[in-house]
Amino acid sequence: MSLPRPPIRRFRILLVEDDAAWQHLVSTGLAEHGIDVHGAPGVARALECLEEVRPDAVVLDAILPDGNGFDLCRRIRARIGELPVPILVFSGRDDEASIERAFDAGAADFFVKSLQWKLLAERLAQLVAAAQMRTELASSHRRLDRAKELALLAHETARRARELSNSDPLTGLLNRKGFLAAAQALLDAPREDPAKPAALLLIDLDRFKRLNDTLGAAAGDETLKQVAARLQQAFRNMPDIVSARLASDEFALLFPSMRTALAAERAAQIAMTALRRPLTCGGLDCVVRASVGLATTAAPMPAEALLAQAGQALSEAKSLGGNCSRRFQAELGHADRERFDLEAALHQALDRNELVLHYQPIVDPRSRRLSGVEALMRWQRDDRLLSPRDFIPIAEETGLIYRMGEWAVGEALQQVRRWRAAGLEVATVSVNIHARHLEQPELARAVSQALDSTGLASSTLELELTETGVMRDIKRSLDSLQGLKQLGVRLALDDFGTGYSSLAYLTQLPIDTLKIDRSFVDKLGESGQSRAVVRSITALAQALGLSTIAEGVETRAQLDSLRSLGCDEVQGYFYARPMPARELPGWSRRFDGAVPEPVRTGPAALGRSVGGAVDPARRAIPDDPSGGLRL
Ligand code: C2E
Ligand code: MG
Ligand code: MG
C-alpha cells in the first residue's frame, strides 16, 4: 500500500490561458520539470484540444475571453466522464469564493498564479498520479492507498473516542481527551514516508473573552460553533485530519502526514484566513482573529508532548501581539539561557549606541556605476561584531525590531547627508524593514521625520520588505505600503522568488523594485531552473514597470548571466562586501581613478536616482574590481 507517487514518465497538460505571456512562462517553467504544455487560448479551442491532445491533466485560467473557467471546468468534467484527467484552476485570486467555485465545478485543485514552477509541477504530478491510482483502484477493488487507510483509521478512532463520550457537545468536535486518544493512535501508526511529518495546529482566538463579555455567552457559543465549522470547511479535502475543541476558545487540528514542515505553516495560514472572514455573533458582523502554534514531528511521540510544544509556540505567537502563527523550535536549556542574556543585552544596545550600519554598494552592471547602497545592521557587542542572523530574529520576537528599524532609517539618511557633504554622491539608500513593522503607524511618522530632519528628497530612501513578510497578510500590507508610498519613498520586495507571491496582488502593490534572491543567483551557472526563474522575474518586472536588483553576485559568470537576462542592478561580493560608512568614499575613489571617462548626464546615466541629484563626477566602476583591490 503506498501513497500516490508522481509518474516517472513525462506527461502532458492542456493549459487554457488567453494571456500569451503567461502561456510562455508556464510552458518554459514546467518544461524544466518534464511536463509538456499544450496551449489553448479559450473555451472553444480547449474543448477541441481535449480530443487532439489527450492531456493527462488540464490547467485552466478562471477568466477566459469567451467564457469563464468554472463553466469550462464543468463542461470538461462532463465530457471526460470517468477518465483520470484532473483539472486544476489556475487563478490570479485566492479568495475563498473562487476556491469554492472551482471545487464545486469539479476541479481537483486550485493554484494561485505565481512563478513557483517546481511547486506547480509537483502538484500536477501528484494529481495525475492520484487520478491514475484512483482508476486502478476502481478496477481492482483490492488496493487501498495510504491516504484512505489513514482516513479510515482516523475515522475509526474518532468514532471510538466519541463512543467513550469524548466529544464536545457544543461544536461536535472531539474534546481534549478524545483528541489525545485519536492523535496518539495516528502518531503511533507506522509511517509510510518518514520524511513526511505529522503536524499539530493549536488555534486560539484573540480577545475572545472580550467578545463573550460584551455580547454574552450565547453569542460566544454561536461564534465557537461557526469557528468549528469554518475550520472543518477549510480542510474538508483532507478527511484524515483530527479536529477538536480543547478548551473554551482553543481548537486543535492534527494532520497525520504533511508533505513538508512548510506545508504545515501554510495550513496555519489557511486556518487563520478561514477565520478572518466576518462571522455573525449575536446578530452582528464581527471579525475573529486567531493565533496559531504549530509543532511537527516525523517520529512517534506522546501526543501530550506534541501538544505542549504547539502550546509553547502559541504563547510566542500571543506574545507577539496575536494574529500570527509560530512554529515550535526545539531549544536546549543552555541555549535558552544564552538567548535570555542576548535578549537583555539587545534591549540596551540601542541606548548604548552599539548598533551600527554597514553599507553594501548596489551597481548598475551596464554602466558599471554605483546606483545606491543597502544599509545592513551589525551589533558591536564588546569586541565582537554580530551579524543580523544572530540578533534580528530575537529583535523580531521581542518587538525591538520596530525601534531598531526606525533608528536605521534615521541613521542611514543622516549618513547619506554626511557622504554628500564630503563630496560623495550616494543616490539612494535601502533600509531593511520587518514586514510586521508595516502595521505600526509609528513607521510612517519616523520616516517622514527622518526625511524632514535631513532635508533629503524622499526618493533617496528605499525600504526593503521581504516578499514572504508582505504576502503573509497581503490586505493589511497593501494599505500600509500605500501609506508609505504617499510619502514618496521607494519600496522594494526583498528575497523575491522564495515566497508565494500572488501575482494578482503583486500588480496592486505600490512597489518599485524586486530584489532577486541570492539562492537563484548562486546556482545561475549550474541550474537551468535558476536561469528560468531569473528570466521569469525580470520579464515579470519589465511587464509591471519595476526594476530588478540581483543579490549575492559573487562571480563574473553570474554577473554576465544577469546582464544577459536583463537584470537592472546587482549587489554582491563580486563588487564589494558590506563595509563601514567611512570606507565607502575610499572604495568609490578607487573606482573613480579606474575609468577616466566622465559620466554622461541624461537619464540613462543616472541609474536609480529618481529625483535625487547625482554627482556628475561619479565615475564608472570597472567590470572586475577584484583585480588590485582587497575585497
Ligand atoms: P538581505 O536584506 O537580503 O541582505 C543581503 C544579505 O546578503 C546581507 O547579509 C549581505 O551581507 C549578504 N550578501 C551580499 N552580497 C553577498 C554575496 O555576494 N554573497 C553572500 N554569500 N552574501 C552576500 P547580512 O548583512 O548578514 O544580512 C542578512 C539579513 O538580515 C538581510 O538580508 C536582512 O534580511 C536582515 N537585515 C540586515 N539588516 C537589517 C535591518 O536593519 N533591519 C532588518 N529588519 N533586517 C535586517
Ligand atoms: Mg535587504
Ligand atoms: Mg535579500
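Atoms within a ligand are numbered from 1 in the order they appear, just like the ligands themselves. The analysis underlying the following values was restricted to heavy atoms, covering all of them including side chains, and did not include hydrogens, waters or symmetry mates. Start at 1 with the first residue, then count along the sequence.
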Quiz item: In terms of ring plane angle, is the pair F111 and F90 parallel, tilted or perpendicular, where the classes change at 30° and 60°?
Solution: parallel
Quiz item: When you measure from atom 42 (N) of ligand 1 to each heavy atom in N432, I401, L465, which option holds the nearest one?
Solution: N432
Quiz item: Going by the atom numbers of ligand 1, which of them fall below 4.0 Å from some non-hydrogen atom of G552?
Solution: 15 (N), 16 (C), 17 (C), 18 (O)
Exercise. With the side chain counted from C-beta on, respond yes when V426 and Q415 share a heavy-atom pair under 4.5 Å apart, and no when they do not.
Key: no
Self-check item: N, O or S of N432 under 2.8 Å from the Mg ion (ligand 2)
Solution: yes
Self-check item: Heavy atoms from other residues, nucleotides or ligands near CD of E442 exceed 12 (cutoff 6.0 Å)
Solution: yes
Exercise. Using only N, O or S atoms, tell me which atom of D494 is closest to the Mg ion (ligand 2).
Key: OD2
Exercise. Decide, yes or no, whether a salt bridge links E265 with R327 under the criterion of side-chain N to carboxylate O below 4.0 Å.
Key: yes
Quiz item: Going by the order shown, which atoms of ligand 1 are within less than 4.0 Å of some heavy atom of P578?
Solution: 11 (O)
Quiz item: Atoms of ligand 1 less than 4.0 Å from E551 heavy atoms?
Solution: 3 (O)
Quiz item: Does a side-chain N-to-carboxylate-O contact under 4.0 Å join D206 and K318?
Solution: yes
Quiz item: Any idea which atoms of ligand 1 are less than 4.0 Å away from a heavy-atom of R389?
Solution: 26 (O)
Practice problem: Would you mind telling me which of L484, D494, L481 makes a side chain to side chain contact (heavy atoms under 4.5 Å, CB included) with L463? | Solution: L484
Quiz prompt | Contact flag D495/the Mg ion (ligand 2), N/O/S atoms, threshold under 2.8 Å | solution = no
Quiz item: Salt bridge between R556 and D560, side-chain N to carboxylate O under 4.0 Å?
Solution: yes
Self-check item: R207 atom CZ, over 12 foreign heavy atoms within 6.0 Å
Solution: no
Exercise. For H434 and E396, run side-chain contact (heavy atoms from CB on, under 4.5 Å): C-alpha distance rounded to whole Å, both residues' side-chain angles, the deciding distance at 0.1 Å, then the answer.
Key: CA-CA 8 Å; H434 190 249; E396 284 169 9; 3.3 Å; yes
Exercise. May I ask you to decide whether K515 forms a salt bridge with D495, counting only side-chain N to carboxylate O separations under 4.0 Å?
Key: no
Exercise. Please note down the angle at the Mg ion (ligand 2) between OE1 of E464 and OE2 of E374, to the nearest 10°.
Key: 90°
Practice problem: Just jot down the ligand 1 atoms closer than 4.0 angstrom to any heavy atom of Q360, in number order. | Solution: 14 (C), 15 (N)
Practice problem: Check each atom of ligand 1 against the heavy atoms of D495 and keep those under 4.0 Å away; list them by number with element. | Solution: 3 (O)
Quiz item: Out of R378, M377, H434, whose heavy atom is nearest to atom 25 (O) of ligand 1?
Solution: R378
Quiz prompt | Those atoms of ligand 1 less than 4.0 Å from some heavy atom in V553 | solution = 18 (O)
Quiz item: Can a non-hydrogen atom of H437 be found less than 4.0 Å from any atom of ligand 1?
Solution: no
Quiz item: Would you call D351-R403 a salt bridge at under 4.0 Å N-O?
Solution: yes
Quiz item: Should the proximity of M404 to ligand 1, defined as any heavy atom under 4.0 Å, be assigned to the side chain, the backbone, both, or neither?
Solution: neither
Quiz item: Under 6.0 Å between the ring centres of W419 and Y359?
Solution: yes
Quiz item: Just heavy atoms, cut-off under 4.0 Å: does E464 contact ligand 1 by side chain, backbone, both, or neither?
Solution: side chain
Practice problem: Please state whether the separation between the Mg ion (ligand 2) and some N/O/S atom of E551 is under 2.8 Å? | Solution: no
Exercise. Could you tell me which atoms of ligand 1, counted from 1 in the order shown, lie closer than 4.0 angstrom to a heavy atom of D494?
Key: 1 (P), 2 (O), 3 (O)
Quiz item: For atom 20 (C) of ligand 1, which of E554, Q571, H358, Q558 has the closest heavy atom?
Solution: E554
